[in-house]
Amino acid sequence: MNAYPDFKGFFKDVAQKLTLLGREPGKVNLFFIEDPETVTVLLGAIRNKLTLPCLAVEMYDEDKENGDAQFRVLTSAFIVLDQAKKPAQGATDIEAAIYERCKPAADQIFAKMKQLSDRMQLVVDGKKVNLVGDNAGNWVGPIVNDLYGWRVEFKWRFAGGVCLDPSAWDE
C-alpha cells in the first residue's frame, strides 16, 4: 500500500484552499517534516521562502491496529505556525499568534478532516478512511525566529485487508 500520495495530497489541498494560512506569490505555506526535531533546521533553511501562518506536516507512522491485519492506522500530526511580533512597550503577541491565528487554522484543518471522514470522502490508496479520536491539540514554541503555533495529532484508520466493495454487487 502506498498512502504517501493521498496523505500529501490532502494537505496540499488544505494549503491551497484554507484562507487562514499565508498566501504570498512565490512563497510556500506548507512543508513536510520527518520528525518534530527537524523542524528547526528546515525552517532555518526555508525561512525566506515561507509565508505565514504556515502548515508543517509530520510524516506518518503506519501500524496494524492491535496487531489485526484487517485495519491499518496512520498516525501523524500537523502544526500551524506563525511569528509572534516582538514585544512593544511590554506587550506580547505570543498569545495572539497561538490562540488567534494558529489555533483557528488548525481547528479548521481538523474540522475538514472530520467532515470528509464522516461523509466517507477521505480516501487513502483507494480505501475510505475514518478519523479516529478527537482533536488533541497543544501549543508549541518558540521555534526559530519567535515562531509559535498549534499542533494537532491525528489518526486515520482504514481497512488493510479484504473488505466489502458495494460496487461489486447487484442490489
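Quantities reported herein were computed from a predicted structural model and do not represent experimental measurements.
Using a 4.5 Å heavy-atom threshold, the side chains of Tyr60 and Trp156 count as separate. In this structure the side chain of Tyr4 reaches within 4.5 angstrom of the side chain of Met59, judged on heavy atoms. For the pair Val28/Leu50, a side-chain contact is recorded, criterion being any heavy-atom separation below 4.5 Å from C-beta on.
Contact detail for Leu20 and Gln108: the closest heavy-atom pair is CD1-CG, 3.9 Å. The nearest pair of heavy atoms linking Ala105 to Val80 is CB-CG1, 3.9 Å. Considering all non-hydrogen atoms of both residues, Arg23 and Thr51 come closest at N-OG1, 3.6 Å.
Remark: Asp118 pairs with Lys114 by the side-chain contact (heavy atoms from CB on, under 4.5 Å) rule, at least two apart or across chains. Scored by the side-chain contact (heavy atoms from CB on, under 4.5 Å) test, Ala77 finds Glu58, Arg151, Glu153 as partners (sequence neighbours excluded). With sequence neighbours excluded, the residues forming a ring pair (Phe, Tyr, Trp, His ring centres under 6.0 Å) with Tyr99 are Trp150, listed by chain and number.
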Exercise for review: Go through the steps to decide whether Arg101 and Asp93 satisfy the test side chain to side chain contact (heavy atoms under 4.5 Å, CB included), and finish with yes or no.
Suggested key: CA-CA 11 Å; Arg101 299 190 298 272; Asp93 184 53; 2.7 Å; yes
Practice item. Verify side chain to side chain contact (heavy atoms under 4.5 Å, CB included) between Val132 and Val73, making sure each step is shown before the conclusion. Key: CA-CA 9 Å; Val132 181; Val73 177; 5.5 Å; no
Practice item. Could you go through the side chain to side chain contact (heavy atoms under 4.5 Å, CB included) check for Ile109 and Val152 one step at a time? Key: CA-CA 9 Å; Ile109 295 167; Val152 175; over 6 Å; no
Review point. Lys49 and Phe31: side chain to side chain contact (heavy atoms under 4.5 Å, CB included), yes or no, with the steps?
Key: CA-CA 11 Å; Lys49 297 177 183 173; Phe31 60 97; over 6 Å; no
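Aromatic ring orientation, Phe11 versus Phe154: tilted (interplanar angle from 30° to 60°).
Atom-to-atom distance recorded for Leu81:CG and Ile98:CD1 is 10.5 Å, nearest 0.5 angstrom. Within the model, atoms CG of Leu116 and CG of Leu131 stand 10.0 Å from one another, a figure rounded to the nearest 0.5 Å. Taken to the nearest 0.5 Å, the CD atom of Glu95 stands 9.0 Å off from the OH atom of Tyr148. Remark: Ser76 OG to Asp61 CG distance equals 8.0 Å, nearest 0.5 Å. Rounded to the nearest 0.5 angstrom, Thr75 OG1 and Lys155 NZ are separated by 5.0 Å. To the nearest 0.5 Å, the span separating NZ on Lys112 from CZ on Phe10 amounts to 8.0 Å.
When each of Leu74, Val123, Asn130 is paired with Phe158, the side chain to side chain contact (heavy atoms under 4.5 Å, CB included) condition holds for Leu74 and for no other. Considering Asp13, Thr19, Leu21 as possible partners of Lys17, the one that fulfils the side chain to side chain contact (heavy atoms under 4.5 Å, CB included) test is Asp13.
Side-chain atoms of Asn29 come within 3.5 Å of backbone N or O of Ala15 as a donor-acceptor pair.
In this structure, Asp6 does not pair ionically with Lys127, as no charged nitrogen and carboxylate oxygen lie closer than 4.0 Å.
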